[in-house]
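Read the structure below first, then the notes.
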Amino acid sequence: MRLRFAPSPTGTLHIGGARTALYNWLVARHSGGTLVLRIEDTDRERSTPENVEQILDALRWLELDWDEGPIMQTSAEARHRAVIGELLASGHAYRSNATGDDVKAFKALHGDERGFRGEDEGEGAVRLRVPDAGETVVHDLIRGDTTFAHTHLDDPVIARADGTPLYNLAVAIDDLDAGITHVVRGADHVSNTPKQLLVLQALGAPQPVYAHLPLLHGPDGKKLSKRHGAASVQELRDAGYLPAAVRNYIALLGWGDTDDETLISTEQLVQRFDVTRVSKNPAQFDEVKLRWMNGRYLRELSSEDLTATLEEYTGRSGLGPSVEISREKVQTLADFWPLAGFIHDGPADDPQAREQWLDDDGLAALAEVRVALAAVEPWAADGLEAALRGVVAVREVKPKAVFQPVRVAIAGTTISPGIWETLDVLGRDESLQRIDAAIAAG
RNA sequence: GCCGCCAUCGUCCAGGGGACUAGGACGCCGCCCUCUCACGGCGGAAACGGGGGUUCGAAUCCCCCUGGCGGUACCA
């Protein structure tokens, strides 16, 4: 079994493309097949080394490897031209100057459901001759058989007038040459498939097995785009998602096991994935669910691993203690710094929080806290909690009336990790200093 | 327009003639926990697009309609 993944070289690996890559990868790993990576484009302008490298980068981040490639499709143009010549010589194709308008005119004359048939003019674009009778049926692992009557098919253009190959010719030939046995790709290609099959048939070549994946849409049912938040794996990476969580989530977009489980390790995915069970319905990408899932994966990481991941993500070091007290509160890597950055960079500036909690009552409470804290020995969460609760008891107020002013004093905002854990991490000197500063500012 | 595909909670997935009072997950709502934000726990609302068939029986099979999507390029 040989599969291929052929992303377009636009420099962005869209989520749909990522899922296609994942599914190919899962099938290959599950069956011990070979996965070939091909950068698919007949347009040299777009296939820049930078763009290709970005695609590869995204694939590597997802931790999807390949067995052969990457191969640039554009490098095979000579072969494509040879095939075109062959098709022309055998009468399976012809040259014609017919334009899109000519095709429309033909249909107006012969009826809308009648496919375009051109004349051999000896020059112009190369069109494949579709047989007048019969039909081409696409056998699909996911969708079953789809029949296309030849009478409905237009003679497709397979090469430009200058002889450069077009997509439907190029993919067919490239897959053939690469010995691809299984083509797993997006459902937007089903209508193209009969054209590719006709090329193969004209060449007397064997056809691969197809599996067309349902399309992916954004939350509004429209095409997935930046407007929906992250739309590419590069954006997902920047947004602080874990590759394992992304793999898990994306695998479930269009596929579900007989079980009702939703948290499935990649190892399990490889073991259980069955392309024939892939859904035929288009799916919507829902970042909210991905966030939830990412949080679950984040919490499964050991503190050491989480710290290392977070240090790489933020570019900071010495994050261990603050990560430890924040891990229950973040869903993505990006959530960490806004929550706990104040521990390292000093209190945040949130005037509203100060105004609300550092009023006369708050300041009075803070002053008592300052005294109580100074006596704590040793400086550890347990003793810190006891001291703070002591102040609450003496002042006979709600805990919040004491804790929030302290929080605002040390964090600058009303949201932070647990208050005594934070004081613990901050240390005696820094904590008292921040409280003093808050009292002085008030 | 034409060709083709698809149709279960708001979303993702399960159920593929009787086990369905349609199941799970995210989200939402309520309660509990609670120093904020979260985590966690418990409970709840929430779907078979419509109409015809077939059948003793249809979410499940067939047809029509509707809706969505894709293709219809000298794009990929």
Side-chain angles (χ1 to χ4, degrees), chain A residues 6-10 40-43 46 73 96-100 103-104 107-108 111-116 124-127 138 140 143 146-149 151-154 156-164 166-168 170-171 186-195 212 214-215 217 219 221-223 249 252-263 277 279-293 295-296 299 326-331 335 339 353 357 385 388-389 392 398-404 406-408 411 413-422:
Chain A
S8 61
T10 52
E40 190 164 274
D41 201 358
T42 60
D43 182 352
R46 284 198 305 192
Q73 185 186 58
S96 161
N97 283 310
T99 63
V103 172
K104 281 204 188 86
K107 286 170 178 278
D112 257 341
E113 74 290 352
R114 178 67 201 284
F116 173 77
V126 180
R127 283 183 187 269
V138 177
D140 191 296
R143 325 176 80 86
T146 302
T147 303
F148 295 86
T151 50
H152 292 322
L153 263 27
D154 294 329
V157 177
I158 55 173
R160 302 181 181 89
D162 66 5
T164 54
L166 251 29
Y167 175 74
N168 282 311
V171 250
D188 48 337
H189 285 292
V190 308
S191 297
N192 288 327
T193 309
K195 302 174 194 173
H212 286 98
L215 265 13
H217 295 124
K222 299 242 176 66
K223 196 171 147 71
Y249 176 70
L252 262 23
L253 244 30
W255 173 82
D257 208 343
T258 42
D259 305 296
D260 289 332
E261 290 170 65
T262 61
L263 256 15
R277 276 189 58 86
S279 162
K280 289 186 268 197
N281 314 353
Q284 291 185 22
F285 175 72
D286 177 15
E287 195 169 343
V288 175
K289 188 165 184 176
L290 206 212
R291 282 186 65 84
W292 164 79
M293 192 174 280
R296 296 290 300 252
R299 269 168 255 123
S326 308
R327 53 176 306 146
E328 296 298 312
K329 299 171 183 296
V330 298
Q331 286 191 306
D335 289 345
L339 178 73
W357 294 103
E385 175 177 2
L388 288 175
R389 289 199 188 281
V392 170
K398 290 187 165 186
K400 202 187 244 185
V402 173
F403 298 152
Q404 282 302 74
V406 176
R407 190 185 310 281
V408 173
T413 74
T414 56
I415 299 174
S416 81
I419 204 76
W420 31 91
E421 290 88 345
T422 303

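Note that the structure is a prediction, hence the values are computed from the model and not measured. In what follows, chains are A, B, ... by sequence order, proteins preceding strands, each numbered from 1. These values consider heavy atoms only, across backbone and side chains, with no hydrogens, waters or symmetry-generated copies.
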| said: Between A/Trp420 and A/Phe403 (judged by ring centroids, cut-off 6.0 Å), do the two rings come close enough to count as a pair? | reply: yes

| B/C12 to B/G49 separation - P atoms, rounded to the nearest Å | 14 Å

| request: Go through the structure and list residues passing salt bridge (Lys or Arg N to Asp or Glu O under 4.0 Å) with A/Asp335, not counting sequence neighbours. | output: A/Arg291

| query | Do the side-chain N or O atoms of A/Arg277 get closer than 4.0 angstrom to the phosphate oxygens (OP1, OP2) of B/G15? | reply | yes

| A/Lys289 NZ - B/A25 C1' separation (whole Å) | 4 Å

| message | Which nucleotide, if any, forms a Watson-Crick or G-U wobble pair with B/G40, using both distances under 3.5 Å? | response | B/C32

| Separation of atom CD in A/Gln404 from atom P in B/U34, rounded to whole Å | 16 Å

| said: Give me the distance, rounded to whole Å, that separates B/A45 from B/G1 when you measure between the C1' atoms they each carry. | reply: 44 Å

| query | Can you check the A/Glu421 CD to B/C37 P distance for me, whole Å? | reply | 15 Å

| request: Output all residues satisfying side-chain contact (heavy atoms from CB on, under 4.5 Å) with A/Asp286, sequence neighbours left out; order by chain, then residue number. | output: A/Tyr249, A/Val288, A/Lys289

| message | Within the 4.0 Å heavy-atom criterion, would you say A/Asp162 contacts the bases, only the backbone, or no part of the nucleic acid? | response | nothing

| remark: Nearest heavy-atom contact between A/Arg127 and A/Ser96 is NE-OG, 4.4 Å

| task | Rounded to the nearest angstrom, tell me the gap between atom NE2 in A/His189 and atom P in B/U72. | result | 11 Å

| note | With the side chain defined as heavy atoms from C-beta on, A/Ile419 is closest, among B/U11, B/C35, B/G24, to B/C35

| Taking the side chain from A/His217 and the backbone from A/Gln284, do they hold a donor-acceptor pair closer than 3.5 Å? | no

| message | Using a 4.0 Å heavy-atom cut-off, does A/Pro214 contact any base of the nucleic acid, only the sugar-phosphate backbone, or nothing at all? | response | nothing

| query | How long is the line joining CG of A/Leu263 and P of B/C13, in whole Å? | reply | 17 Å

| remark: Per nearest nucleotide of RNA chain B, the residue lying toward the 5' end, A/Gly100 or A/Asp257, is A/Asp257

| Base orientation of B/C39, syn vs anti, 90° cut from 0 | syn

| task | Mind checking A/Gly418 for me? I need base, sugar-phosphate or nothing, with any heavy atom below 4.0 Å counting as a touch. | result | base

| field | Mate of B/C5 where both pairing distances stay under 3.5 Å, Watson-Crick or G-U | value | B/G68

| Nearest listed nucleotide, side chain of A/Val288, among B/A73, B/G27, B/C37 | B/G27

| message | Applying a 4.0 Å non-hydrogen cut-off, can you work out what A/Lys195 is touching in the nucleic acid: base, sugar-phosphate, or nothing? | response | sugar-phosphate

| Mate of B/U11 where both pairing distances stay under 3.5 Å, Watson-Crick or G-U | B/A25

| Nucleotide of B/U11, B/U36, B/C69 approaching A/Gln284 most closely (side-chain heavy atoms) | B/U11

| request: Could you check how far CG of A/Asp140 sits from C1' of B/G70, rounded to whole Å? | output: 14 Å

| request: Spell out, as yes or no, whether a donor-acceptor pair under 3.5 Å connects the side chain of A/Arg407 to the backbone of A/Thr413. | output: no

Atom pairs, N/O to N/O, protein against nucleotides 45-48 of chain B, distance under 3.5 Å?
none

| Side chain of A/Thr262 (C-beta onward), nearest among B/G24, B/C74, B/C26 | B/G24

| query | To the side chain of A/Leu215, which of B/G70, B/C74, B/C35 is closest? | reply | B/G70

| What distance separates A/Asn168 CG from A/Thr193 OG1, expressed to the nearest 0.5 Å? | 8.5 Å

| field | Rounded distance (Å) that lies between atom C1' of B/C75 and atom CZ of A/Arg160 | value | 8 Å

| message | Applying a 4.0 Å non-hydrogen cut-off, can you work out what A/Trp420 is touching in the nucleic acid: base, sugar-phosphate, or nothing? | response | base

| B/C61: pairing nucleotide in any strand, Watson-Crick or G-U under 3.5 angstrom | B/G53

| note | RNA chain B nearest-nucleotide lookup for A/Leu290 and A/Ser416: closer to the 5′ end is A/Leu290

| remark: In B/S/- notation (B base, S sugar-phosphate only, - none; protein heavy atoms under 4.0 Å), nucleotides 1-8 of chain B written 5' to 3' is SSSSSSSS

| field | Per A/Ala283 side chain, nearest of listed nucleotides B/U36, B/C12, B/C74 | value | B/C12

Extract from the structure each pairing of a protein N or O with an N or O of nucleotides 39-42 of chain B at less than 3.5 Å, listing the distance.
unit_1 : atom_1 : unit_2   : atom_2 : d
B/C39  : O4'    : A/Glu328 : O      : 3.3
B/C39  : O3'    : A/Arg299 : NH1    : 3.4
B/C39  : O2'    : A/Glu328 : OE1    : 3.1

| query | Whole-Å distance between B/G71 C1' and A/Asn192 CG? | reply | 7 Å

| Residue A/Asp154, side-chain heavy atoms: nucleotide from B/C37, B/U72, B/A25 that is nearest | B/U72

| query | Is there a donor-acceptor pair under 3.5 Å between the side chain of A/Arg299 and the backbone N or O of A/Lys329? | reply | no

| remark: By salt bridge (Lys or Arg N to Asp or Glu O under 4.0 Å), A/Asp154 pairs with (sequence neighbours left out) A/Lys107

